[in-house]
Novice: 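A single structure is presented below for examination.
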Amino acid sequence: GSGSSFSAELKVGGVGVCLACGPAGEHVVEYLVEGGAAQVSGRIFAGDVLVDVDGLSVAHNTILQVQQMLRGDVSSPVSMTFQRRHSVHGGSSSKVMVTVLR
């Protein structure tokens, strides 16, 4: 039964974002799942920092909690706000709000 957890995953809609923990404990997009909602939107990129989900700040949430917030009924919308740095050496950053269907 090693495939059981994988099949359960498919019943819950995700957004196709793989998060990693950044140096300051922030939630950084590590990569986008091929063909997932995030990648298809064309508006989310690796390196973006997730700051809120459906208007709720995720600053003090664990990655596990954030992943649970991103999951939901298939085809239901979820809004995410990302902080995007324009250069690797600090500089300006902008907030990008993206709504996708799971």
Side-chain angles (χ1 to χ4, degrees):
S2 61
S4 58
S5 61
F6 182 69
S7 58
E9 195 74 27
L10 298 176
K11 294 174 186 151
V12 186
V15 294
V17 171
C18 181
L19 296 171
C21 200
E26 72 273 39
H27 305 295
V28 184
V29 177
E30 190 173 27
Y31 65 86
L32 303 179
V33 176
E34 192 77 29
Q39 188 202 49
V40 171
S41 76
R43 298 187 59 206
I44 302 166
F45 301 94
D48 287 355
V49 176
L50 181 64
V51 291
D52 79 38
V53 176
D54 282 336
L56 299 170
S57 171
V58 297
H60 303 293
N61 294 57
T62 65
I63 280 188
L64 199 63
Q65 289 171 320
V66 174
Q67 287 171 340
Q68 286 169 339
M69 290 167 76
L70 291 174
R71 292 194 182 116
D73 296 332
V74 174
S75 299
S76 62
V78 61
S79 298
M80 298 168 285
T81 305
F82 296 92
Q83 189 87 33
R84 180 169 300 156
R85 296 189 191 92
H86 294 295
S87 77
V88 287
H89 306 293
S92 61
S93 64
S94 58
K95 281 196 173 168
V96 183
M97 188 174 167
V98 185
T99 301
V100 297
L101 293 180
R102 296 177 171 101

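Reckoned from all heavy atoms, side chains included, excluding hydrogens, waters and symmetry mates.
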Novice: Quick one: closest heavy-atom pair of V66 and V58, and the distance?
Specialist: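 Looking at all heavy atoms of both residues, the closest pair is CG2-CB, 3.8 Å.
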
Novice: If you compare all heavy atoms of V74 against all heavy atoms of G13, which two are closest, and at what distance to 0.1 Å?
Specialist: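 Nearest heavy atoms, V74 then G13: CG2-N, 3.7 Å.
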
Novice: Answer whether the closest heavy-atom distance between the side chains of V53 and V78 falls below 4.5 Å.
Specialist: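 With C-beta onward as the side chain, the pair touches.
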
Novice: Check whether any side-chain heavy atom of L19 sits under 4.5 Å from a side-chain heavy atom of L50, and report yes or no.
Specialist: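 Yes. Closest side-chain heavy atoms under 4.5 Å.
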
Novice: Determine, using the 4.5 Å side-chain heavy-atom cutoff (strictly less than), whether F82 and V33 are members of one ILVMFWY cluster.
Specialist: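 In one cluster with F82: V33, no.
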
Novice: Would you indicate whether the side-chain heavy atoms of H27 and I63 approach each other to under 4.5 Å?
Specialist: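 A side-chain contact exists here, since the closest heavy-atom pair is under 4.5 Å.
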
Novice: Specify the closest pair of heavy atoms between A38 and G16, including all atoms of both residues, with the distance to one decimal.
Specialist: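 Minimum heavy-atom contact is CB-O, 4.1 Å.
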
Novice: Please list, chain by chain and in numerical order, all residues satisfying side chain to side chain contact (heavy atoms under 4.5 Å, CB included) with V40, sequence neighbours excluded.
Specialist: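 In terms of side chain to side chain contact (heavy atoms under 4.5 Å, CB included), with neighbours along the sequence ignored, V40 is linked to no residue.
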
Novice: Do L32 and V17 have side-chain heavy atoms sitting under 4.5 Å apart?
Specialist: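 Heavy-atom side-chain distance check passes, below 4.5 Å.
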
Novice: Could you measure the distance from the SG atom of C21 to the CD atom of E30? Nearest 0.5 Å is fine.
Specialist: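 These two atoms lie 11.0 Å from each other.
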
Novice: Closest approach of S93 and Q83, non-hydrogen atoms and distance?
Specialist: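 So the minimum-distance heavy-atom pair works out to OG-NE2, 2.7 Å.
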
Novice: How many angstroms lie between atom CG of L56 and atom OG1 of T81, to the nearest 0.5 angstrom?
Specialist: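 Reported to 0.5 Å precision, the distance equals 10.5 Å.
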
Novice: Who clusters with V28? Use side-chain heavy atoms, under 4.5 angstrom, across I, L, V, M, F, W and Y, and order the result by chain and number.
Specialist: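 Cluster partners of V28: V49, V51.
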
Novice: Return the set of residues passing salt bridge (charged side-chain N to carboxylate O under 4.0 Å, His left out) with R43 (not counting sequence neighbours), or none when no residue passes.
Specialist: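 Listed in chain order: nothing, the list is empty.
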
Novice: List the atom of R85, the atom of E26, and the distance in Å for their closest heavy-atom pair.
Specialist: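 Taking R85 first and E26 second, the nearest heavy atoms are NH2-OE2, 3.7 Å.
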
Novice: For T99 versus S79, what's the shortest heavy-atom pair and its separation?
Specialist: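 So the two residues come closest at OG1-OG, 2.9 Å.
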
Novice: Just verifying a value: how many Å separate R71 CZ and R102 CZ, rounded to the nearest 0.5 Å?
Specialist: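 So the gap between those two atoms works out to 10.5 Å.
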
Novice: Report yes or no: do M97 and L101 belong to one cluster of Ile/Leu/Val/Met/Phe/Trp/Tyr joined by side chain heavy-atom distances under 4.5 Å?
Specialist: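 Each belongs to a different hydrophobic cluster.
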
Novice: Going from CG on N61 to CE on M69, what distance comes out if it is rounded to the nearest 0.5 angstrom?
Specialist: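 One gets 5.5 Å once the value is rounded to the nearest 0.5 Å.
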
Novice: Determine whether V96 and Y31 fall in the same hydrophobic cluster, where Ile, Leu, Val, Met, Phe, Trp and Tyr are linked whenever their side-chain heavy atoms lie under 4.5 Å apart.
Specialist: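 Different clusters: V96 never reaches Y31 through Ile, Leu, Val, Met, Phe, Trp or Tyr contacts under 4.5 Å.
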
